Amino acid sequence: MSRLIVVSNRVSVPKAAGAAGAQGGLAVALNSALREHRGIWFGWSGQETEEFTGHLNMQRISDVTTATIDLETQDIDEYYNGYANRTLWPLFHYRIDLTEYDRSFGEGYERVNARFATSVLPLIEPDDLVWVHDYHLLPLGSMLRRKGIRNRMGLFLHTPWPPTRLLVSLPFHERLVASMLEYDVIGFQTQEWLESFMHYVSKEMGLPITDDGTVEYQGRKILAKAFPIGVDYDEFVEGARSAEAQEAYERLKASIRGRKLMIGVDRLDYSKGLGERFESFGRFLTDHPDQAGNVVLLQIAPPSRGDVASYQQIREDLERKTGHINGAHADVAFVPIRYVNRGYPRSHLAGFYRAADIGLVTPLRDGMNLVAKEYVAAQDPEDPGVLILSQFAGAAQQLTEALLVNPHSIEHVSEAIKRALDMPLSERKQRHAALLASVRDEDVLRWREDFVTALFGQIDGNGTNGDKVHDKAA
Ligand SMILES: O=P(O)(O)OC[C@H]1O[C@H](O[C@H]2O[C@H](CO)[C@@H](O)[C@H](O)[C@H]2O)[C@H](O)[C@@H](O)[C@@H]1O
Ligand SMILES: O=c1ccn([C@@H]2O[C@H](COP(=O)(O)OP(=O)(O)O)[C@@H](O)[C@H]2O)c(=O)[nH]1
């Protein structure tokens, strides 16, 4: 079996997988992938240093070798807080109103990608597969090619890919996309983002796209394909059966005192639609005064990217909205919104999800959204809760039996809350069974295997996988 060299902005060592905190979906998924493969996970340590040294910190934990570098303050400002999270993140989430086009950000992004390339280079052996993740590192592949790397290299983008009309607002957009075409495989979460990408390369770059879905560029064929990420179903279910999950479930249930519970779990990010969600709940309480006092929204929202102004702004907005809605609808023994600015381990989340009658997942735009899938996995199949899911989350492409909503419409979401609360058990069970089949079967192991198989070059002309990598290696 080929070794896997995974490169991502953050490296989250496996032993930390169950720890409290705001672990994003990427960290969760890669821990699981690396547990299966011999390999190295390379990226930023998350630490800041006065001057960049390029020193590689190598560690070996549960069969995974991690290699990390520290970044200097200017790197973090221009690359992570700058180009990645002030330019590409808002643009890729269709928010050109929040997108900042600062030349120093672009320079910092290229500099850090070059530093990544120089640092990871000595770790790559001739037969290794190189798997790069996300919008932080789009040009890394091209920089490695310039250094002579001929290995198979793939890129998986965890975020949406924006429509061409938005992308062209980015200075040097052609250069960025051309650099991506140095990978052999480019993966997207959904067919929609894939189609947007294909539209760009065809209309803006004039590149031919063959019938089997590959892009032809400078005499090479690049496979671009949708690989929807999933949860580690078995691991999640095991965690959900743990004493910690049970304790979390009981503690929350007891505190709800027989009321109905809705849950939201999201990094504090404007893309997650938290303000609209709170307003929808406020509208529901206004429209159904008989329900006031009977339904609680628990919103877990660990802080994220707090050095970026738009994230500080969303935090302030939510505090104001929570105060406003609670002020209008609370009484001495009841507060409608429990807004919690901290992270929890996933075993605790599993207990919280199970205790909730409704999972409220309403991002304005989201690459996938693993929380939606975890909510489904955590339910009691004999008495499951209802998932209300934004039509603009990547997960909505698979979880079609959820109550799909337009998160921009306060009325629509408010009506969905009413419908979910009134839904008969038979319909809840029928919807949940269909959702569970998708979450269980299209899990993170399948995602990883499909991507690595494609990266290995084992994809047939119809875009379906031939022999899997594991079988090949056996
Ligand atoms: O590393 P951070 O800046 O703290 O952000 C956390 C992660 O957020 C994003 O997650 C995306 O990946 C998920 C798994 O594929 C997906 O379900 C979700 O829709 C995406 O938003 C980001 O893309 C990651 O790089 C970050 O690590
Ligand atoms: O307090 C928290 C909040 C979130 N998460 C995990 O972080 C991931 C969030 O992934 P998602 O795809 O929903 O969104 P992202 O944050 O990656 O945009 C999920 O696995 C959550 O269980 C967690 O472990 N603790």
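The figures that follow rest on heavy atoms only: side chains count, while hydrogens, waters and symmetry mates do not. Since this is a predicted model, take the numbers as computed values, not measurements. Whatever order the structure lists ligands and atoms in, that order sets their numbers, starting from 1. We number each residue from 1, following the sequence as shown.
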Geometry only, no angles: is Glu374 polar-contacting ligand 2 at N/O separations under 3.5 Å?
yes
Does His158 approach ligand 2 within less than 4.0 angstrom via side chain, backbone, both or neither, non-hydrogen atoms only?
neither
Between Trp89 and ligand 1, which part of the residue brings a heavy atom under 4.0 Å of the ligand: side chain, backbone, both or neither?
side chain
Can an N or O of His93 be found at a distance shorter than 3.5 Å from an N or O of ligand 1?
no
Side-chain H-bond candidate by donor/acceptor type, Tyr270 with His93, under 3.5 Å:
no
For ligand 1, does Arg267 get within less than 4.0 Å through its side chain, its backbone, both, or neither, judged by non-hydrogen atoms?
side chain
Numbered in order shown, the ligand 1 atoms found under 4.0 Å of a heavy atom of Thr159 are 23 (O)
Please confirm whether His136 comes within less than 3.5 Å of ligand 1 when only nitrogen or oxygen atoms on both sides are compared.
no
For Ile229 and ligand 1, does the shortest N/O to N/O distance drop below 3.5 Å?
no
So is Val371 polar-close to ligand 2, meaning N/O to N/O under 3.5 Å?
yes
Report the part of Val231 in contact with ligand 2, treating N, CA, C, O as backbone and CB onward as side chain, heavy atoms under 4.0 Å; options are side chain, backbone, both, neither.
neither
What side chain to side chain donor-acceptor pair (under 3.5 Å) pairs are there with at least one residue in residues 177-188, not counting sequence neighbours?
Arg145-Asp184
Lys/Arg cation over aromatic Phe52: Arg115, 6.0 Å, 45° cone
yes
Axial cation check for Tyr101 ring with Arg103, 6.0 Å and 45° limits:
no
More than 12 non-hydrogen atoms from neighbouring residues, nucleotides or ligands closer than 6.0 Å to CZ on Arg165, yes or no?
no
Is His158 close to ligand 1, meaning an N/O of one under 3.5 Å from an N/O of the other?
yes
Could you say whether the N/O atoms of Arg346 and ligand 2 ever approach to under 3.5 Å?
no
Is there a polar contact, in the sense of an N or O pair closer than 3.5 Å, between Arg305 and ligand 1?
yes
What about Arg342: any of its N or O atoms under 3.5 Å from an N or O on ligand 2?
no
Below 3.5 Å, N or O to N or O, backbone or side chain included: is there any such pair between Leu370 and ligand 2?
yes
Hey, are Glu78 and Arg111 close enough for a salt bridge, meaning a charged N less than 4.0 Å from a carboxylate O?
yes
Just going by heavy-atom distances, which of Val231, Asp134, Asn81 is nearest to atom 22 (C) of ligand 1?
Asp134
Can you list the atoms of ligand 1 that are under 4.0 Å from a heavy atom of Tyr80?
2 (P), 3 (O), 4 (O)
Looking only at side-chain N and O atoms, does Thr453 offer a donor or acceptor that is under 3.5 Å from a partner on Glu449?
no
For a quick check under 3.5 Å, do Arg241 and Gln246 share a side-chain donor-acceptor pair by atom type?
no
Counting heavy atoms under 4.0 Å, the part of Asp269 that contacts ligand 2 is neither
I'd like to check whether Asp366 has a polar contact with ligand 1, where a contact means an N/O of the residue lying under 3.5 Å from an N/O of the ligand.
yes
With heavy atoms only and a cut-off of under 4.0 Å, state how Leu370 meets ligand 1: side chain, backbone, both or neither.
both
Does Asn85 reach ligand 1 with a nitrogen or oxygen that is under 3.5 Å from one of the ligand's nitrogen or oxygen atoms?
no
Lys272 and Asp269 ion-paired at < 4.0 Å
no
With Trp161 as reference, evaluate Leu194, Leu166, Leu167 under the side chain to side chain contact (heavy atoms under 4.5 Å, CB included) test and give the passing residue.
Leu167
Per-atom filter on ligand 2: closer than 4.0 angstrom to a heavy atom of Tyr344 are 1 (O), 2 (C), 23 (C), 24 (O), 25 (N)
For ligand 2, which atoms sit closer than 4.0 Å to a heavy atom of Asn369?
12 (O), 13 (O)
Which residues pass the side chain to side chain contact (heavy atoms under 4.5 Å, CB included) test with Asn406, not counting sequence neighbours?
Gln391, Phe392, His408, Ser409, His412
Per-atom contacts, ligand 2 versus Arg267 - under 4.0 Å to a heavy atom:
15 (P), 16 (O), 18 (O)
